[in-house]
Amino acid sequence: MKNVIQPVKGTRDFYPELMALRNWLYGKIRVVSERFGYQEYEGPFIEKIELYAAKSGDELVNQQSFVFQDRGGDPITLRPELTPTLARMVAQRQNELTFPLRWWSFGPFWRYERPQKGRTREFFQWNIDLIGVNTPEADAELLQICANFFREVGLGPQKVRLLVNSRRLMDQQLAKLGLEGDLRRAAFRLIDRMDKLQPSEWNDYALSQGLSIAQLEGIKNLLSNDEGWHQSEELCHVFELIQLTGLADYIRYDPHIIRGLDYYTGIVFEAKDLDGGRSILGGGHYDNLVAAVGGNPLPGVGFAMGDVMISLVLEKYGLIPPLPQNPAQVLVTVFDESRLASSFALAMQLRNAGLNTVFYPEAAKLPKQFKYADRIGVRFVVVSGPDEEAAGVITLKDLLYRTQETLTVPSAVEKIRALLAVGQGL
RNA sequence: GUGGCUGUAGCUCAAUGGCGGAGCGUCUGACUGUGGAUCAGAAGGGUGUGGGUUCGACCCCCAUCAGCCACCCCA
């Protein structure tokens, strides 16, 4: 086994078990997205690097992207996020699309980072955006979708929380402290780092960035004030709306939330596992992104959720249901060499009757064939030997209930249908 | 990009610097028309890779690759 070529660092192999989980998650995402009337879309997996250079932020573009040259020498990047692609797609058809536009997507992304818990170099992401209106109702809808998703998968507000802030509010507050330009950007970084540094280190860092003692105190007050949102009209309005949804327990104001992406201009939010602390999803409101890629100005709000962290969280809380091992419902055994062809035909007969059927492709001993059916998770086994053949019937065994009866093919089909309906989820 | 831990059979792990083992799994049989249980037997690795130290290396040293964890950053 040592000669097997290793997979690319930070990638995952989706063996059927993991693929089933991915598709289960995809299904939940689809249900919630469609519940709110969003349409599924997808963009290319590769883009020109300029697309991200426009607005995504330096680190994401210069250090975390997979970049290569195509044969013509043009720099191409594996997409590290979807929002710029979305902005581009919207800008290209700006005059044909009907706004407000509600789109969602679930696809692969790549970031060149050191893999660790909850982070791989290739991951899947749910992106969902509402574009074309600039209202608190739009912002509140996206928060509602997040919370509704958590409720859909069984994550209650005691386990996860949506932390919300406003870039606009933070800008105003920092301006009041006399922080402009580079100093304000430094302050944002400072806020971002507060829970990662010791208080004394944090103070030193702040002063080293050129902030005054008074400004530092001002930031501390800002961050410790849970009621700061009252000074933001948009946050007040958003929180009011959330009260009407029955999902308010999920949502809380948190002035520490800043977000790394440069294009956010209004509310920003992150969902966190209250037990683990890591961020499950993040998003916000952006006013200028469509214009940044060459379109006319158009606001939007959206978020992205990676599959890796949410899967870890769901697994931790035991919220991933048992997923079907095998799509097959029936296995047709081969009694002996002489019956290979008749069994082969019988299997197709069952498929034509609408049953997912596996045919055992050689004349092995029956115990082996039963064992195989059991292992791969097929519930029903059909046997057709000399006795059955003489009587014009087949034997049907239910491995789940260990029952068995002999009956004609059409009644066996009916029997299986009836038992599948009853035994679902057992 | 920085730091730490780890790397032995398909899997989970043992093995003072002195002949590499166990459990689970797999295969075969007991059970010659019936799966999961039990019992018996068998196959399967030369220790991630490349160097070095040593009479002798899974064990010590260096490098490298990979995984994990934290930082950075973020989904």
Side-chain angles (χ1 to χ4, degrees), chain A residues 1-12 15 25 29 56-65 79-83 105-128 146 189 192-193 196-197 201 257-262 269-273 277-284 302-313 331 333-336 339 360 363-390 394-406:
Chain A
M1 280 294 143
K2 62 168 57 167
N3 292 324
V4 175
I5 294 168
Q6 290 184 334
V8 172
K9 182 174 181 153
T11 59
R12 289 168 295 168
Y15 287 88
L25 186 64
I29 285 168
S56 292
D58 221 43
E59 176 141 11
L60 186 61
V61 178
N62 294 325
Q63 289 170 43
Q64 298 184 349
S65 293
R79 62 182 189 182
E81 60 158 336
L82 189 61
T83 311
S105 179
F106 182 76
F109 296 87
W110 294 266
R111 288 188 192 174
Y112 196 83
E113 300 183 278
R114 279 278 280 267
Q116 61 174 68
K117 192 182 183 74
R119 189 170 75 189
T120 55
R121 286 185 171 182
E122 179 179 67
F123 54 95
F124 281 73
Q125 211 180 48
W126 175 28
N127 278 264
I128 182 162
C146 283
R189 278 192 70 75
D192 204 34
R193 287 188 178 191
K196 291 167 186 162
L197 296 176
E201 290 174 327
I257 302 297
I258 294 295
R259 314 268 323 133
L261 296 167
D262 290 345
F269 54 94
E270 274 179 28
K272 288 195 173 178
D273 174 8
R278 282 285 288 278
S279 182
I280 297 169
L281 61 80
F303 66 83
M305 180 185 79
D307 70 311
V308 185
M309 268 310 293
I310 187 67
S311 297
L312 283 174
V313 172
L331 179 138
T333 59
V334 175
F335 190 83
D336 57 28
R339 272 164 264 260
Y360 200 92
K365 291 179 177 174
L366 276 183
K368 188 172 178 181
Q369 299 186 50
F370 272 80
K371 197 169 197 170
Y372 178 75
D374 189 47
R375 291 271 176 79
I376 68 171
V378 176
R379 179 172 163 186
F380 296 99
V381 175
V382 164
V383 178
S384 177
D387 299 347
E388 288 86 354
E389 219 170 77
I394 59 171
T395 294
L396 172 68
K397 179 159 182 174
D398 182 342
L399 295 187
L400 184 60
Y401 287 121
R402 301 179 217 186
T403 55
Q404 174 172 324
E405 54 190 302
T406 295

Hunt down the Watson-Crick or G-U wobble partner of [N], both distances under 3.5 Å, from any strand shown, or write none.
N     : value
B:C71 : B:G1
B:C60 : B:G52
B:A66 : B:U6
B:A14 : none
B:U28 : B:A40

What nucleic acid atoms does [X] come within less than 4.0 Å of, heavy atoms only: base, sugar-phosphate, or nothing?
X        : value
A:Lys397 : base
A:Leu399 : base
A:Phe335 : base
A:Gly10  : sugar-phosphate
A:Thr120 : base
A:Thr395 : base
A:Asp307 : nothing
A:Ala304 : sugar-phosphate
A:Glu122 : nothing

For atom [atom1], what is the distance between [N] and [M], given to the nearest Å?
N     : M     : atom1 : answer
B:C5  : B:A9  : P     : 22 Å
B:G18 : B:C31 : P     : 47 Å
B:G10 : B:C62 : P     : 29 Å
B:A15 : B:G48 : P     : 15 Å
B:C61 : B:G20 : C1'   : 23 Å
B:G25 : B:U6  : C1'   : 24 Å
B:A66 : B:A30 : C1'   : 44 Å
B:C60 : B:G23 : P     : 27 Å

Q. Do the charged groups of A:Asp374 and A:Lys371 touch, with an N to O distance under 4.0 Å?
A. no
Q. Between A:Glu122 and A:Arg12, is there a salt bridge with N-O shorter than 4.0 Å?
A.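 So A:Arg12 does not pair with A:Glu122 through a salt bridge.
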Which listed nucleotide ([options]) is nearest to the side chain of [X]?
X        : options             : answer
A:Arg114 : B:C74, B:U28, B:U2  : B:U2
A:Gln116 : B:U34, B:C74, B:C71 : B:C71
A:Asp374 : B:A75, B:G36, B:C73 : B:G36

Mind checking whether [X] and [Y] have side chains closer than 4.5 Å, heavy atoms only?
X        : Y        : result
A:Arg119 : A:Val308 : no
A:Phe335 : A:Glu389 : no
A:Ser105 : A:Gln125 : no
A:Arg121 : A:Thr11  : no
A:Lys397 : A:Phe380 : no
A:Trp126 : A:Leu25  : no
A:Pro80  : A:Gln64  : no

Hey, is the side chain of [X] poking within less than 4.0 Å of OP1 or OP2 on [N], counting only N and O atoms?
X        : N     : value
A:Lys117 : B:C69 : yes
A:Lys365 : B:G29 : yes
A:Lys368 : B:U28 : yes

Atom pair distance, as rounded to whole Å: [atom1] in [X] and [atom2] in [N]:
X        : N     : atom1 : atom2 : value
A:Arg375 : B:A37 : CZ    : C1'   : 13 Å
A:Phe269 : B:C74 : CZ    : C1'   : 15 Å
A:Lys371 : B:G29 : NZ    : C1'   : 11 Å
A:Leu366 : B:G33 : CG    : P     : 8 Å
A:Lys272 : B:A75 : NZ    : P     : 12 Å
A:Tyr360 : B:U34 : OH    : C1'   : 14 Å
A:Glu113 : B:C68 : CD    : P     : 14 Å
A:Glu405 : B:U34 : CD    : C1'   : 15 Å

Q. Looking only at N and O atoms, is any donor in the side chain of A:Gln404 or the base of B:G35 less than 3.5 Å from an acceptor on the other one?
A. no
Q) Quick one: the side chain of A:Arg119 and the base of B:A75, do they pair up donor-acceptor inside 3.5 Å? A)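 By the distance-only test, no, there is no pair.
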(Q) Nearest heavy atom decides the nucleotide; on that basis, is A:Ile280 or A:Tyr372 closer to the 5' end of RNA chain B? (A)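 Residue closer to the 5' terminus by nearest nucleotide: A:Tyr372.
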Q) Starting at the 5' end of RNA chain B and moving along, which residue's nearest nucleotide shows up first, A:Val383 or A:Tyr112? A)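 First, find each residue's nearest nucleotide; the 5'-ward one identifies A:Tyr112.
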(Q) Taking syn as a glycosidic torsion within 90° of 0 and anything else as anti, which one is B:G45? (A) anti
Q) So, A:Phe123 and B:A75: ring centres less than 5.5 Å apart, planes less than 30° off, yes or no? A)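 According to the criterion (under 5.5 Å, under 30°), yes, A:Phe123 stacks.
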